[in-house]
Amino acid sequence: MPFLTPGLAFLGRGLTYFTVYMGSAYYAITTIASGHGVEVPAWVVIAGAIVAAPVFGRLYVFIRYQRQKRRAAALGARVFPKAVGAWPGNLDILKDSLKNLEIGYPGDGLEKTTDIVGYAFNLDIMYSDLIFTACPEHLKTMLATDFQNYVKGERFQEGMGSVLGTGVFNSDGDMWKFHRSITRPVFTRDRIADFDLFDRHSDQVLVKLKERLREGHAIDFQDLMLRFTIDTATEFLFGNCVHALSAGLPYPPKAAYVPPQQQDPAGRIANEFSAAFLRSQEIISVRERSGWLWPLSEIWEDKTIEPMKVVNAYLEPIIHEAVERRKNTLPNEDKQAEKESEDNQTLLDSLMDATMDPRVLRDEILNIMIAGRDTTAATLTFAVYLLSQHPIVFQRLRSEILEKIGPNRRPSFEDLKELKYLRAVLNETLRLFPVVPFNVRESINEAVWPSPDPSKKPLYVPPGTKTAYSVFVMHRRTDLWGPDAEEYDPDRFLDDRLQKYLVKNSFIFLPFNAGPRICLGQQFAYNEMSFMMIRLLQTFSEFTLDLASGPDEATPPAAWGAAPGRKATEKVWPKMHLTMYANGGLWIKMKESDSV
Ligand code: HEM
């Protein structure tokens with residue numbers, strides 16, 4: 001029923017259940033009463049049934065819990081400890097979680113429960129099981145060893161569907177296999193090691209950067225990286241660059257003088273797309289956080305419709321051009337042969353070999369845009385932020401680059417293997433700021449997970465249960481990474497801490513996920529990020545954060561200063577929707593190196 005808003009559809013379903021319940025209650029009560037020769041007025045029956053509804057609800061929850069305890073015991077396990085909120089249905093936990101999405105630091109609120117029961121528990125929101133874990137042994141089970149038993153699930157797909165459609169991030173079973181089989185061949189070693197692509201776009205980045213910095217302004221590095229990654233990703237995957245880098249870069253919102261910008265229409269559309277894409281991802285991530293009640297916040301409208309109009313208008317020409325290209329190649333045999341050449345096949349070409357359904361094409365493009373644009377851009381943003389705060393690391397990394405590659409030479413694929421410290425810097429960034437910080441699966445069948453506390457019984461996962469996990473929380477656990485887990489120190493990926501922690505248990509570090517659903521773009525992303533970092537550090541000898549240039553929301557809330565741990569000292573605001581990003585951007589100045 002596409003004309004129904006999510007809220008009205010939800011209420012419609014609720015009304016149907018309620019009508020069936022009332023009808024059954026009415027029938028049961030009047031039958032029993034007349035069996036005893038008693039006549040009960042209709043209004044009494046109806047009032048009684050309404051009053052009894054919450055009682056039946058609680059009874060159902062109680063019986064379900066007892067059944068889970070029995071099954072757990074039969075399997076030699078125990079049920080998950082529950083988060084205990086102050087309000088019925090743990091509504092206060094839900095409220096805090098939504099508030100934290102707006103003004104909190106990632107993971108805020110969870111510590112109230114982790115401090116008491118550890119890193120695996122049942123959040124039990126609105127009497128619905130929601131298991132949360134930040135334990136490597138559970139992630140290993142879900143993502144790898146018992147992969148078949150954990151899907152994204154229908155509830156997840158319903159909330160995400162109006163944005164992600166049935167693309168690779170939002171599908172299970174055959175549809176997921178289809179997307180994965182089409183996407184994987186694009187990432188051959190030869191293709192991801194072709195650095196011409198990175199070279200052309202990073203040159204453009206450096207030109208833009210220098211131009212703006214020479215005007216004396218700070219730049220929003222995150223915005224620049226989003227343009228860089230979308231241009232490279234669209235060219236690599238669709239054979240059609242969207243030229244986001246050609247559009248004018250934003251000036252600092254508080255700049256005293258801003259020259260009149262001659263923004264071309266393509267640039268304006270690219271900027272509108274960025275804003276709408278961000279908004280649509282925010283909406284679906286609020287849905288995911290809100291649990292099964294989310295449709296109630298969208299009674300009168302599907303909030304994704306407006307931003308998705310802008311997003312779809314942006315994607316339309318990419319699809320159109322690809323379809324036209326295909327039409328022009330099909331009848332001609334020579335061109336057909338060319339199309340079939342493996343090297344020239346883009347992701348869109350391969351996809352169109354399998355289907356010309358515009359909806360499937362759109363979904364794939366949109367999902368891959370999130371995968372290929374936001375992730376790498378955010379990691380580069382956090383990498384540069386951290387380097388700006390750690391000049392010793394910056395200088396050491398720069399020395400490695402200048403020593404192994406020199407001040408101007410274009411790096412090759414082979415060079416990257418020599419740059420061990422660069423890889424450690426990227427990994428340390430991905431550890432502290434994994435761009436997919438929270439994720440979720442749903443169990444198909446019941447399962448038993450190892451207990452994080454070996455002195456206790458294993459944990460029972462009921463069938464059809466949402467199982468959320470956070471690599472963000474796991475990556476900062478002191479018991480897994482050592483007492484300095486919250487500190488930025490790339491050496492932990494090189495010195496004896498590597499053996500002590502990571503080699504012993506590789507599942508403690510999962511920025512790219514694991515198992516059959518592991519990120520397909522991992523190697524492409526490392527190459528792209530390494531290339532960009534090398535070019536940046538060849539060109540610039542200093543990074544300085546310039547908070548005063550950014551909008552107010554780029555600075556973390558003052559209240560964070562009183563918090564324990566990293567949160568208190570953070571200079572940027574890591575915020576999340578589906579992926580993590582620097583709220584308000586990363587406003588920074590860079591000093592050009594004398595040797596350039
Ligand atoms: C730093 C960069 C990146 C990080 C940290 C990252 C991380 C991830 C993670 C955590 C997932 C799993 C999502 C889930 O299961 O819900 C994923 C999936 C995926 N990533 Fe990446 N990614 C990065 C870059 C890229 C790039 C550049 C591309 C492509 C150009 C890409 C393509 C994909 C695809 C296609 C999937 C879906 C895999 C599936 O469900 O089978 N990623 N990525």
Side-chain angles (χ1 to χ4, degrees), residues 139 142-144 147 150-153 156-157 160 164 166-188 191-192 197-198 201 225-226 228-238 284-285 288 346-348 350-351 363-383 423 425-442 467-472 474-475 509-533 576 578-581:
L139 270 67
M142 250 190 294
L143 304 177
F147 169 76
Y150 299 91
V151 287
K152 297 253 171 168
F156 179 85
Q157 283 158 4
M160 302 281 143
L164 300 181
T166 55
V168 68
F169 283 130
N170 200 33
S171 52
D172 288 317
D174 289 344
M175 189 50 132
W176 167 69
K177 282 188 191 142
F178 166 74
H179 279 297
R180 185 124 184 141
S181 66
I182 297 281
T183 313
R184 199 202 330 252
V186 179
F187 293 95
T188 59
R191 292 200 79 219
I192 60 171
L197 174 76
F198 302 143
H201 296 295
M225 287 303 98
L226 284 167
F228 167 65
T229 53
I230 201 171
D231 278 2
T232 42
T234 48
E235 187 173 331
F236 178 75
L237 298 163
F238 313 139
I284 53 176
S285 84
E288 184 48 32
T346 66
L347 173 61
L348 263 189
S350 312
L351 194 60
D363 290 351
E364 175 73 11
I365 292 175
L366 186 122
N367 280 251
I368 291 288
M369 274 200 175
I370 296 178
R373 182 188 90 131
D374 300 24
T375 50
T376 354
T379 309
L380 282 163
T381 301
F382 287 115
R423 179 55 79 103
V425 164
L426 290 175
N427 281 340
E428 183 66 342
T429 309
L430 286 162
R431 185 183 71 82
L432 285 173
F433 296 101
V435 284
V436 185
F438 288 79
N439 211 328
V440 68
R441 295 290 189 263
E442 187 175 316
T467 49
Y469 59 96
S470 172
V471 296
F472 181 93
M474 180 173 78
H475 286 177
F509 182 56
L510 295 180
F512 294 97
N513 224 36
R517 252 189 135 134
I518 195 168
C519 172
L520 277 168
Q522 176 171 351
Q523 210 43 55
F524 176 85
Y526 271 126
N527 290 352
E528 183 179 26
M529 296 188 298
S530 303
F531 196 97
M532 189 72 245
M533 291 298 286
M576 5 172 236
L578 298 182
T579 54
M580 189 157 46
Y581 59 98

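Order of appearance sets the numbers: ligands from 1, and atoms from 1 within every ligand. Keep in mind that what you see is a predicted model, and the values were worked out from it rather than measured.
- Among the candidates Q157, K152, R441, the single residue satisfying the side chain to side chain donor-acceptor pair (under 3.5 Å) test with D172 is Q157.
- With hydrogens left out, the protein atom closest to atom 40 (O) of ligand 1 is R517 NE, 2.9 Å, a heavy atom.
- Annotation: ring pair (Phe, Tyr, Trp, His ring centres under 6.0 Å) contacts of F236 (sequence neighbours excluded): F187, F524.
- Summary of contacts: the protein heavy atom closest to atom 7 (C) of ligand 1 is P511 O, 3.5 Å.
- The aromatic rings of H475 and F509 lie tilted to each other, with the angle between the two planes from 30° to 60°.
- Aromatic ring centres of Y526 and F512: separated by under 6.0 Å.
- Contact annotation for K152 and ligand 1: only side-chain heavy atoms (C-beta onward) come within less than 4.0 Å of the ligand.
- Looking at V435 against ligand 1, only its side chain comes within 4.0 Å, counting heavy atoms.
- Residue-to-ligand polar distances place W176 within reach of ligand 1: an N/O pair is separated by less than 3.5 Å.
- Rounding to the nearest 0.5 angstrom, the gap separating the CZ atom in F156 from the CD atom in E288 is 5.5 Å.
- The nearest protein atom to atom 35 (C) of ligand 1, hydrogens excluded, is given as I368 CD1, 3.7 Å; this is a heavy-atom distance.
- Near R180, with a cut-off below 4.0 Å to any heavy atom, the atoms of ligand 1 are 38 (C), 39 (C), 41 (O).
- Nearest protein heavy-atom neighbour of atom 1 (C) of ligand 1: T379 OG1, 3.3 Å.
- For atom 21 (Fe) of ligand 1, protein N, O or S atoms closer than 2.8 Å were enumerated as C519 SG, with waters left out.
- Contact annotation for R441 and ligand 1: only side-chain heavy atoms (C-beta onward) come within less than 4.0 Å of the ligand.
- If you look at N439 next to ligand 1, the close heavy atoms, those under 4.0 Å, all belong to the side chain.
- Remark: ligand 1 atoms within the under-4.0 Å shell around heavy atoms of F524 are 27 (C).
- Looking only at protein heavy atoms, the nearest one to atom 29 (C) of ligand 1 is F187 CZ, 3.5 Å.
- When heavy-atom distances to ligand 1 are checked against a 4.0 Å cut-off, L510 has no atom that comes that close, whether in backbone or side chain.
- Protein heavy atom closest to atom 18 (C) of ligand 1, with residue, atom name and distance, is F169 CE2, 3.5 Å.
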